[in-house]
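Read through the structure below, which is laid out as structure tokens, and then see the notes.
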Number of protein chains: 2
Amino acid sequence: MKIVELSGVKEIARRANVSIATVDRVLHNRTGVAQKTKEKILSIIKDMDYKPNILAKRLASKRIYKFGILIPQECSEAEYWNGPVSGIKEALSEFGDFGVEISYHFFDKKDRDSFKSQTETMLKMQLDGVIVVPVFIDETRDFAMRCSERRVQFVFIESEIPQISPLSYIGQDYYQAGRVVGNLCQYLLRPGDDVLVLNISKAPDIQESLQEKLMGFEAFLSESDVHCKVDSLDVDAKGMDEISSFLDHYLSENSVKLIYVTNSRAYMVAKYLEDRGFKHIRLVGNGYHDKNLNYLKNGYIDFLICQKPLEQGYKAFLALYEHFIAKRKVERTQYTPIDIVTKENYKYYEN
Amino acid sequence: MKIVELSGVKEIARRANVSIATVDRVLHNRTGVAQKTKEKILSIIKDMDYKPNILAKRLASKRIYKFGILIPQECSEAEYWNGPVSGIKEALSEFGDFGVEISYHFFDKKDRDSFKSQTETMLKMQLDGVIVVPVFIDETRDFAMRCSERRVQFVFIESEIPQISPLSYIGQDYYQAGRVVGNLCQYLLRPGDDVLVLNISKAPDIQESLQEKLMGFEAFLSESDVHCKVDSLDVDAKGMDEISSFLDHYLSENSVKLIYVTNSRAYMVAKYLEDRGFKHIRLVGNGYHDKNLNYLKNGYIDFLICQKPLEQGYKAFLALYEHFIAKRKVERTQYTPIDIVTKENYKYYEN
DNA sequence: CTGAAAGCGCTTACAG
DNA sequence: CTGAAAGCGCTTACAG
């Protein structure tokens, strides 16, 4: 005797002695089903360990999910931001037919208003989910609140904003990233050597991640037996001239062995070192983008601590996909690996 | 006037004035279509830039693709091999409903026959594609040939076999991996220091990748200004006793500053260093698995050069998925990143 | 509160 | 060589 078990909903309907429409109703927790019927169906679903077929679901449904992505536009680190976008496109090509529509919204990292105005347009678009690089704190907070009100899910990449709980955060553990640099220093320095930690800042917000890096860095060093002097400075430099004169001055008074740039502008220091022909100073930075890479290649930057930009985008998209389409639970915090990039391994880094 | 364009095949059929069955025939390059009809349909397909809906395709098709994976079973590096399997499972959960069936075949890395016999069972299973870690060269070659005859696609992970062309190879560029270690040595050593490169071998085959690492390592050092003495040795050690007595002897005659273990057994040297209390010798190894990690954590291993095991599995599965289901072209060689893992970044490495 | 029916964009026998 | 029809496992009006 061969009982061919019917597929999903049909089989549930058969067992419960109802129509598939009714099954569908309880499956989606819609109203209009007698309590008793509902319970019966629910228990059958449990019994069968029923898993809906996502293909059939998407094919049958007219519903299109709209996701928006808010990301810094072409700027000096432009190449970097292509990363997440590429990652999203890659994800899209793999999950493409699932009825997803993506819109990209670029803002100027130096222009608070451009961020603000992009959020306004996004709010008008009736998006289901957004991916955002929260460069401006207050504006992001406001945006997040209004998203929540409208039941728009948001995912943060790159950094987080305190007290705001996104569907998911995808980015580094910056404290630990600082420790990684500290650990490298163990090999690069000897007891007594001087270190300069530089925060070359243009943007006013998201300084927090820089602080965390610094804390991790210092914590590691204080635990280790590398007793070196760490000097941490903010340089509010607009261009190379300011950096140069600052460093000229600083280095004339301090015998620095290593400079650690806590944001993505290590290339500025590298340029300085190249201009002056200073080969004896080690340089560690953050961020995988062309300007940094050029100096990594020619040896003026020794190490770059990075996260894969493409992966961030891919995972952010996946978070929304999992939430809306696959209806699976999404991890609240997804720390990305803290990668150590050198002139010898950067080539395969994007893979 | 609102012309609602019909969806894919239907619209093609309408334009070509044929039935969708005929369209389907040319879409799949099947016989039994008049040349003229075929050309007409083909041109319409091109015109529309028609892309089949993969969801509908999989849903309608009864075809189930069967993939087999041939991978070392629990051995001393056991934890490592969970990686690819987890990766495949992860991919499966994302592409699960696409009608794929996976079978796992484990062999003993020390037992050529176990590999051989697994390939035999796999060949009987009428698989569509296989993922294999080609530990034994001749046996793999034989297996690959017979796969080709049966039109079974195969993907290599971890290493390649010369003159055999898989659908895709997913693994490291070992020459470059050796260079990465060389580059690290630049920071860890000073001119004149001695380095010992160790190949602690049990298995007879796949030595090639070790040779390539060594070449890369030496090439880098010879290009750099770190003029150190490199001694490269094979140790055919079965256990700790042999390693210990070998190292006792070697180190009594040489003042080694750094040991580079080219395969995944750095933990054996680390154990030796720990036993002897030798903290002054730096140790670099390969492979992300528990035994190595323990010594990374306690400081006896300084750096591990790794590739993400999970990612390998994921990508290998994806290669087969792309080939069979999405019908997209697959990259012949997919080099994985050469990751530098330390005690401070290993935690987030698996993410 | 419930069900019959059409449809998503394909594939697969089957009939001619 | 070609087409009509059923079906994959769901969703979505619509009717009662």
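Letters go in sequence order (proteins before strands), and every chain restarts at 1.
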ask   = Looking at B:Thr22, does any N or O in its side chain come under 4.0 Å of the phosphate oxygens OP1/OP2 on D:dT2?
value = no
inquiry  = Pairing check on C:dA13: which nucleotide meets the Watson-Crick or G-U wobble criteria with it, both distances under 3.5 Å?
reply    = none
ask   = Given that B:Ala60 and B:Gly32 both sit by DNA chain D, which one's nearest nucleotide is further toward the 5' end?
value = B:Gly32
inquiry  = What's B:Leu55 touching, base or sugar-phosphate or nothing? Going by heavy atoms closer than 4.0 Å.
reply    = nothing
Residue-phosphate contact under 4.0 Å: B:Ser61 side-chain N/O, D:dC8 OP1/OP2 = no
request  = Report yes or no: is the cationic atom of B:Arg63 (NZ for Lys, CZ for Arg) under 6.0 Å from the centre of the six-membered ring of B:Tyr65, at an angle within 45° of the ring normal?
outcome  = yes
query = Which part of the nucleic acid, if any, lies within contact of B:Asn53, taking any heavy atom under 4.0 Å across all strands shown: a base, the sugar-phosphate backbone alone, or nothing?
reply = sugar-phosphate
message = salt bridge (Lys or Arg N to Asp or Glu O under 4.0 Å), that's the test. Do B:Arg15 and B:Glu11 meet it? Break it down for me.
response = CA-CA 6 Å; B:Arg15 292 200 199 180; B:Glu11 174 64 12; 2.8 Å; yes
message = Between P on C:dC10 and CZ on B:Arg30, what's the gap in Å once rounded to a whole number?
response = 14 Å
request  = Select base, sugar-phosphate, or nothing to describe what B:Arg25 touches, counting heavy atoms under 4.0 Å on all strands.
outcome  = base
query = Quick one: is B:Lys51 getting a side-chain N or O under 4.0 Å of the C:dG9 phosphate, OP1 or OP2?
reply = no
query = Is A:Thr37 near enough to C:dT2 that one of its side-chain N or O atoms lies under 4.0 angstrom from OP1 or OP2?
reply = yes
query = In whole angstroms, how far is the P atom of D:dG9 from the CD1 atom of B:Ile64?
reply = 11 Å
ask   = Would you call A:Lys308 and A:Tyr349 a side-chain contact if the rule is heavy atoms closer than 4.5 Å?
value = yes
query = Which nucleotide sits closest to the side chain of A:Ala56: D:dC10, D:dA5, C:dG3?
reply = D:dC10
query = Does the cation-pi check pass for B:Lys327 over B:Tyr321, that is, NZ or CZ under 6.0 Å from the six-membered ring centre and within 45° of its axis?
reply = no
request  = Check whether any side-chain heavy atom of B:Ile88 lies under 4.5 Å from a side-chain heavy atom of B:Tyr314, and answer yes or no.
outcome  = no
inquiry  = Regarding A:Ala34, tell me which of base, sugar-phosphate or nothing describes its non-hydrogen contacts under 4.0 Å with the strands shown.
reply    = sugar-phosphate
ask   = So, is A:Lys38 near the phosphate of C:dC1, with a side-chain N or O under 4.0 Å from OP1 or OP2?
value = no
task = Have a look at A:Ile54 and say if it touches a base, only the backbone sugar-phosphate, or nothing, with a 4.0 Å heavy-atom cut-off.
result = nothing
Given C:dT11, D:dG3, C:dG3, the nucleotide with the shortest approach to the side chain of B:Asp24 = C:dT11
